[in-house]
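Here the structure is laid out as structure tokens; the discussion comes afterwards.
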Amino acid sequence: LGDSTQAAETLREVCALTPADLNLKHRLATLLLTAESDGSAEQDARVTSGRLEAANLLCEMAGQLDAQYALAYAESALDAVPSHDQALHIFEFAAHELQRHELIATRWVAYLVDTPHGPAADSVRKKLAQAYLDAGQAQDARDCLQPLLDVGKQAGRHGWAGGQAGPSG
């Protein structure tokens, strides 16, 4: 554990000195993604933080590469943090560029499982529901949109709909 922590710190320092070196960033991201927890809350938090740092690095690298590599790096970032908004955006864009649309819905599902109320959840729900409709899966589309319908019903019951003031006044 100590060796990998020291190695990560050293790689961070070297990456800061050579920010254009994608190989070093890749090595740091790989090291962070291979870290395992010993089961303690402190180590769990460190591993989770490392996974987020790795996802951020992978997105940074993806932004500097062509669509094929961007897709692979964004996929790795989403494997680490399924609700990483930037990685999802890069993944969607690269998949569209490469005509690999069939890959996207799985990532939308993973996003919603990981963060059902995340910043992009409503948008992701709508896109996933449309994909379900396009595939002839109307019930799955309705199930996907149900949380939005529930919020709409709740808002209507409290007079929040139609431009009226919300619960905060």
Side-chain angles (χ1 to χ4, degrees), residues 20 22-23 25-37 44-45 47-168:
L22 297 182
N23 184 45
K25 288 180 184 178
H26 185 252
R27 289 177 64 190
L28 176 56
T30 300
L31 180 64
L32 294 169
L33 291 173
T34 58
E36 294 185 20
S37 177
D44 285 349
V47 168
T48 299
S49 175
R51 294 181 78 70
L52 180 58
E53 181 182 356
N56 289 337
L57 283 167
L58 292 163
C59 286
E60 185 181 323
M61 291 186 298
Q64 299 175 32
L65 301 167
D66 67 26
Q68 183 175 346
Y69 288 105
L71 183 70
Y73 280 114
E75 183 173 38
S76 293
L78 290 169
D79 287 344
V81 182
S83 59
H84 196 284
D85 291 322
Q86 183 184 13
L88 184 60
H89 177 74
I90 293 168
F91 188 85
E92 290 172 340
F93 182 81
H96 285 297
E97 285 286 308
L98 297 169
Q99 300 295 308
R100 300 293 311 274
H101 307 282
E102 75 281 1
L103 301 175
I104 302 171
T106 302
R107 293 302 175 168
W108 289 335
V109 170
Y111 180 97
L112 292 171
V113 167
D114 194 53
T115 310
H117 306 291
D122 290 354
S123 172
V124 169
R125 281 184 195 291
K126 291 172 187 174
K127 291 185 278 189
L128 181 57
Q130 186 60 56
Y132 282 139
L133 287 174
D134 293 346
Q137 298 173 258
Q139 186 57 49
D140 289 330
R142 181 164 175 52
D143 292 345
C144 183
L145 292 173
Q146 192 61 50
L148 298 178
L149 298 172
D150 293 344
V151 167
K153 288 177 188 173
Q154 187 75 359
R157 268 189 238 126
H158 294 287
W160 301 337
Q164 298 175 0
S168 61

[X] and [Y]: which non-hydrogen atoms are nearest, and at how many Å?
X: Ala77; Y: Ala87; result: CB-CB, 3.6 Å
X: Ala62; Y: Ala70; result: O-CB, 3.5 Å
X: Asp85; Y: Ala120; result: OD1-CB, 3.7 Å
X: Glu102; Y: Gln99; result: OE1-O, 4.1 Å
X: Ala67; Y: Ala94; result: O-CB, 3.6 Å
X: Ala35; Y: Val47; result: O-CG1, 3.9 Å

Margin query: His84 vs Leu52, test: side-chain contact (heavy atoms from CB on, under 4.5 Å). Steps then yes/no.
Written below: CA-CA 8 Å; His84 196 284; Leu52 180 58; 3.8 Å; yes
Check: Under the side-chain contact (heavy atoms from CB on, under 4.5 Å) criterion, do Glu97 and Asp66 qualify, and how do the steps go?
Finding: CA-CA 10 Å; Glu97 285 286 308; Asp66 67 26; over 6 Å; no
Pairwise side-chain contact, [X] with [Y], heavy-atom cut-off 4.5 Å (strictly under):
X: Tyr111; Y: Ser83; answer: yes
X: Leu128; Y: Arg125; answer: no
X: His26; Y: Tyr73; answer: yes
X: Glu92; Y: Trp108; answer: yes
X: Leu98; Y: Leu103; answer: no

Separation of [Y] [atom2] from [X] [atom1] (nearest 0.5 Å):
X: Arg100; Y: Glu75; atom1: CZ; atom2: CD; result: 9.0 Å
X: Leu78; Y: Cys59; atom1: CG; atom2: SG; result: 7.0 Å
X: Met61; Y: Asn23; atom1: CE; atom2: CG; result: 9.5 Å
X: Ser76; Y: Leu71; atom1: OG; atom2: CG; result: 9.5 Å
X: Cys144; Y: Gln130; atom1: SG; atom2: CD; result: 11.0 Å
X: Leu145; Y: Tyr132; atom1: CG; atom2: OH; result: 10.5 Å

Margin query: Can you tell me if His96 has over 12 outside heavy atoms packed within less than 6.0 Å of its NE2?
Written below: yes
Notebook entry, point to check: Are any side-chain N or O atoms of Thr115 and backbone N or O atoms of Leu112, one a donor and one an acceptor, separated by less than 3.5 Å?
Noted result: no
Margin query: Test your reading of the model: is there a side-chain donor-acceptor pair from Thr48 to the backbone of Asp44, 3.5 Å cut-off?
Written below: yes
Check: Between Asn56 and Glu60, do the side chains contain an N or O donor and an N or O acceptor separated by less than 3.5 Å?
Finding: no
Check: Going by an N to O cut-off under 4.0 Å, is there a salt bridge joining Arg107 and Asp79?
Finding: yes
Note to self: One thing to verify: whether Glu53 and Arg51 come together as a salt bridge, which I'm taking to mean a side-chain N less than 4.0 angstrom from a carboxylate O.
What the structure shows: no
